[in-house]
**Q** 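Pasting a structure below so you can have a look.
Remember, it's a predicted structure, so these values are computed and weren't measured experimentally. The basis for the numbers below is simple: all heavy atoms, side chains too, and nothing from hydrogens, waters or symmetry mates.
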There are 2 protein chains.
Amino acid sequence: MNRFLSNATNRIDAKGRVSVPSAFRSVLAQRDIRELYCFQDFMFPAISVGGLDLLDRFERQIASEDVFSPKANRMSLLIHGGGVFMKLDSEGRLAVTDFIRDFTGITTDVTFVGRADHFQLWAPQTFEATQTAAREEFRTRGLGSG
Amino acid sequence: MNRFLSNATNRIDAKGRVSVPSAFRSVLAQRDIRELYCFQDFMFPAISVGGLDLLDRFERQIASEDVFSPKANRMSLLIHGGGVFMKLDSEGRLAVTDFIRDFTGITTDVTFVGRADHFQLWAPQTFEATQTAAREEFRTRGLGSG
DNA sequence: TGGGATACCATGGGACCATATGGGCGTCAA
DNA sequence: TTGACGCCCATATGGTCCCATGGTATCCCA
């Protein structure tokens, strides 16, 4: 499969590392993504992780705006100022830095959440609560309506 | 028959596997579904299982929304974050992971429920109770109400 | 029509392998 | 010099593949 799908929770070890789920790693390999672009998600308290194509897309979005527009400035502040590059170690783990911890509330465990063309890092309880709320929303209002 | 119909309850073995009913397997074969897309149902505490066409349908729905909209984000959280791909083993069994157990309450037995173009995994007691309640609902209010 | 053979299916378990996780050690930079 | 990070190896758990068993329905032939 070539999309990031499903969710899984892994433990952070004593060195502050966490294994990226095998399924996600093989998607990364398939897309030939070696350097990870990570940024603080716009919508949720989660870190979004993807390839350079993600950053490219955002930059094209900015380029389509007026350079001096507030919107373009806000976007750049988020995707550049709120983004970092990361690499996996030889075992497919990534370091959970304060950049990640502070924004997500992650402490001992990380929930990896597939989002098709990227995946996200969540604090387990936060993901649980947010997904449940989203489901409740859909259950009452349905997929199609507002 | 080319639709998923009826229900059946099978036992989970010591390794956490359960046989998919033969009738369902032949529908899968008939529809040439080899990789199963499973997601946490929006309506019931059940896992819905179908082919990639299911996921495609959902993704088209998302694509019709603004990429940055809260609604598109919530949908993706459910469809991508709440979905997995699974494969049957050579005997037509699937592994009942925590992803499935936690959401459905399944412990020792699984009830397979046909839903025409997909089927569902339920905890037997939950299915029993929900189906009974639905039947009661129809008897008193009919099909047409809410 | 009855009884045995047969095919299919749910279930069980052994062996093997991938993966998540833990920890040691060297290197480089603050 | 110490701490962060890279690379190496060890290990247990859990998942996958393969083969075995028992039960049941079906079929076929006497």
**Q** What is the distance from CG of B:Leu88 to P of C:dC9, rounded to the nearest Å?
**A** 14 Å

**Q** Is any side-chain nitrogen or oxygen of A:Ser22 closer than 4.0 Å to OP1 or OP2 of C:dT19?
**A** yes

**Q** Does B:Thr97 or B:Ser90 map to a spot on DNA chain D nearer the 5' end, using the closest nucleotide for each?
**A** B:Thr97

**Q** Given atom CG of A:Leu94 and atom P of C:dT21, what is their separation to the nearest angstrom?
**A** 12 Å

**Q** May I have the distance from A:Arg25 (atom CZ) to C:dT21 (atom P), rounded to whole angstrom?
**A** 11 Å

**Q** Do the side chain of B:Glu91 and the base of C:dC9 come within less than 3.5 angstrom through a donor-acceptor pair of N or O atoms?
**A** no

**Q** For the residue pair A:Phe119 and A:Phe112, does the interplanar ring angle fall in the parallel (under 30°), tilted (30 to 60°) or perpendicular (over 60°) class?
**A** tilted

**Q** How many Å lie between CG on A:Asp89 and P on C:dG22, as a whole number?
**A** 13 Å

**Q** Indicate the ring-plane relationship of A:Phe42 and B:Phe68, choosing parallel, tilted or perpendicular according to the 30° and 60° boundaries.
**A** tilted

**Q** Roughly how many Å is it from CE in A:Met86 to P in D:dA4, rounded to a whole number?
**A** 14 Å

**Q** What is the nucleic acid contact for B:Val96, judged by heavy atoms within less than 4.0 Å: base, sugar-phosphate only, or nothing?
**A** nothing

**Q** Roughly, in whole Å, what's the span from CZ in A:Arg17 to C1' in C:dA20?
**A** 11 Å

**Q** Nearest to the A:Pro21 side chain among C:dA20, D:dC18, D:dC8, which nucleotide is it?
**A** C:dA20

**Q** Given atom CD1 of A:Ile12 and atom C1' of C:dA20, what is their separation to the nearest angstrom?
**A** 14 Å

**Q** Of the nucleotides C:dT11, C:dG22, D:dT16, which has the atom closest to the A:Arg11 side chain?
**A** C:dG22

**Q** Evaluate the ring planes of A:Phe39 and A:Phe58, with Trp represented by its six-membered ring, and classify them as parallel (under 30°), tilted (30 to 60°) or perpendicular (over 60°).
**A** perpendicular

**Q** What about A:Arg93, does its side chain sit under 3.5 Å from the base of D:dG6 through a donor-acceptor pair?
**A** no

**Q** Select one nucleotide: of C:dA10, D:dC18, C:dT19, the one nearest the side-chain heavy atoms of B:Asn10.
**A** C:dA10

**Q** State plainly whether the residues B:Asp13 and B:Arg11 are in salt-bridge range, i.e. N to O under 4.0 Å.
**A** no

**Q** Has the side chain of A:Lys15 got a donor or acceptor that lies under 3.5 Å from a partner of the other kind on the base of D:dG3?
**A** no

**Q** Does atom CD of B:Glu128 have more than 12 heavy-atom neighbours, drawn from other residues, nucleotides or ligands, at distances under 6.0 Å?
**A** no

**Q** Rounded to whole Å, how long is the line connecting atom CG of A:Asp13 with atom P of D:dT11?
**A** 18 Å

**Q** Would you say a side-chain N or O of B:Ser19 is under 4.0 Å from OP1 or OP2 of C:dC9?
**A** no

